[in-house]
Enquirer: 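My structure is below; once you've seen it, I'll send some questions.
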There are 2 protein chains.
Amino acid sequence: MTEAVQAQKLPLARAIEAELVADISAGVLEPGHRLDEVTLAQRFGASRTPVREALLRLAAQGILVEGERRGMRVAEYTREQLSQIFEAMHEIEIACARIAAQRLTLLTRIEIEAAQQECVRAAEQGDRAAFLHANEVFHQTIYRATGNPFMAELAADFRRRTGPFRARKFAEKRDLIAAAKAHDRLMRDIFSKDSATASNGMMAYMTDSLSKALAAN
Amino acid sequence: MTEAVQAQKLPLARAIEAELVADISAGVLEPGHRLDEVTLAQRFGASRTPVREALLRLAAQGILVEGERRGMRVAEYTREQLSQIFEAMHEIEIACARIAAQRLTLLTRIEIEAAQQECVRAAEQGDRAAFLHANEVFHQTIYRATGNPFMAELAADFRRRTGPFRARKFAEKRDLIAAAKAHDRLMRDIFSKDSATASNGMMAYMTDSLSKALAAN
DNA sequence: TTCACCCGTTCTGTATACATTGATCAACAA
DNA sequence: TTGTTGATCAATGTATACAGAACGGGTGAA
């Protein structure tokens, strides 16, 4: 077994899963790329069994899809499908914002503010990688602020799934700064603690986000 | 291989998955019940491989959870967790109702009405199994009426996940009849094609459903 | 040239065997 | 009596083998 994959003491299947996720996120495996069990097994120096399990798990997460023909492929969406996914994500984000606004505590408020400060800092320095990370933290913090782990998990799942497509809209430094400003507005609306204001704020934010993502794809 | 499972020409793993989902939804396998691969393999007259795959898929859907010790168990939630799951489901159902109301076609309307008629028939005859099935069809049809497969899948996932808990509230014939009446109101609200009416209708429906489910658990 | 069919190849689905881990219980010592 | 340790066993993790189905290429006929 390759040491790189075995580094941690995870079951083989999990290790392979993690490795594949990393490859897909990094764009090494592009959308539409076909994955066959035998080749992967050879690559990881393992048998087909754990590879199969890893593929299965990734398919369950929507990261891979079962091809029309045979075999698994890295998920690839038409513009229509992409807009449908964003519509669903949109709904969930709005619900999260509304619930979070209702249940805001001092602690979660501080955490959101801290995440946003990091976003602004990264945007101003034009540090794309740092911004992407801080952006994740910002949104995840809002999810957790709902106080509902299941909602948070749901929203996080969609975020993972749409990650590659959203990332494309942050090409230039001005994109980062625009996003940070949008965060500011969204944050104000959530901090209003008014459900309608919060959900309308997230609706505006997500609509903007969707149109930018579609433009970049 | 048991004929019941092989009835359709599905891969074994899928057939086993479907059978287990049915058992869990119907409450044959209760929350907390431990499932081991060998026993299931014997039950289905299959080898461990497809059983394993089925369990994996169910775990990914949150229907099963990996036990503290070893092995998979039917997901079991505290009342607090249950209410959180229902809250999330609540949000998604409301969004579905709103979107479905906006995009209602003659065909989907007819399909929803047909499903509801079957619910009423089953409720009046006190046929619990038939009612549970018709109830599923009714809700799934609403999901499909959104025209968004991803939303539909999301909602369906939650339905599968909460199946065992919702099933408990249909103990008596009068529970079935009450549920069928609630469907009627919900259907009217969705058919109004007014977003606010539809989402408020679903909100009332789900709030009622949640309180009944919590009472039964 | 083109279409259809057949055959070889390759991949997935399933079964089975082997390895390893984790749990249970008994025995012994404090 | 209780805690700890070791052995045993059962269940999971992994490997390998086999069967069946799908893709591709090539050959033949129209």
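The model shown is predicted, which means the values in this text are computed figures rather than measured ones. Below, chain A is the first sequence line, B the second, and so on; all start at residue 1.
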Enquirer: From C-beta outward on B/Arg52, which listed nucleotide comes closest to its side chain: D/dT12, D/dT16, C/dT14?
Expert: D/dT12
Enquirer: Check whether the side chain of A/Arg48 and the base of C/dG13 form a donor-acceptor pair under 3.5 Å.
Expert: yes
Enquirer: Starting at atom CG of B/Asp36, determine the distance to atom P of D/dA11, rounded to an integer number of angstrom.
Expert: 5 Å
Enquirer: For B/Glu66 and D/dG13, what is the distance between atoms CD and P respectively, to the nearest whole Å?
Expert: 8 Å
Enquirer: Between A/Leu64 (CG) and C/dT12 (P), how many Å, whole number?
Expert: 12 Å
Enquirer: Considering every strand and a 4.0 Å limit on heavy-atom distances, what is the contact class for B/Arg34: base, sugar-phosphate, or nothing?
Expert: sugar-phosphate
Enquirer: Of all the nucleotides listed (D/dA15, D/dT12, D/dG13), which has the minimum atom distance to the side chain of A/Pro50?
Expert: D/dA15
Enquirer: Just the rounded figure in Å: distance from C1' of C/dT12 to CG of A/Leu55.
Expert: 11 Å
Enquirer: In whole Å, what is the span from the CZ atom of B/Phe44 to the P atom of C/dT14?
Expert: 13 Å
Enquirer: What's the CD-P distance between A/Glu53 and C/dG13, to the nearest Å?
Expert: 15 Å
Enquirer: Tell me: CG of A/Leu12 to C1' of C/dT20, nearest whole Å?
Expert: 12 Å
Enquirer: On DNA chain C, nearest-nucleotide positions of A/Glu37 versus B/Ser47: which is more 5'?
Expert: A/Glu37
Enquirer: Could you tell me how far apart A/Arg14 (CZ) and D/dT12 (P) are, to the nearest whole angstrom?
Expert: 14 Å
Enquirer: Side chain of B/Thr49 only, heavy atoms from C-beta on: which candidate in C/dT21, C/dA15, D/dG13 is closest?
Expert: C/dA15
Enquirer: Looking at A/Gln81, I want to see if its CD is surrounded by more than 12 non-hydrogen atoms of other residues, nucleotides or ligands under 6.0 Å.
Expert: yes
Enquirer: Flag the pair B/Glu136 and B/Arg160 as a salt bridge only when some basic side-chain nitrogen lies within less than 4.0 angstrom of an acidic carboxylate oxygen.
Expert: no
Enquirer: Does the side chain of B/Arg121 come under 3.5 Å of the side chain of B/Gln125 through a donor N or O and an acceptor N or O?
Expert: yes
Enquirer: Test your reading of the model: is there a side-chain donor-acceptor pair from B/Arg48 to the backbone of B/Val38, 3.5 Å cut-off?
Expert: no
Enquirer: Looking only at side chains, do B/Tyr143 and B/Glu153 share a donor and an acceptor under 3.5 Å apart?
Expert: no
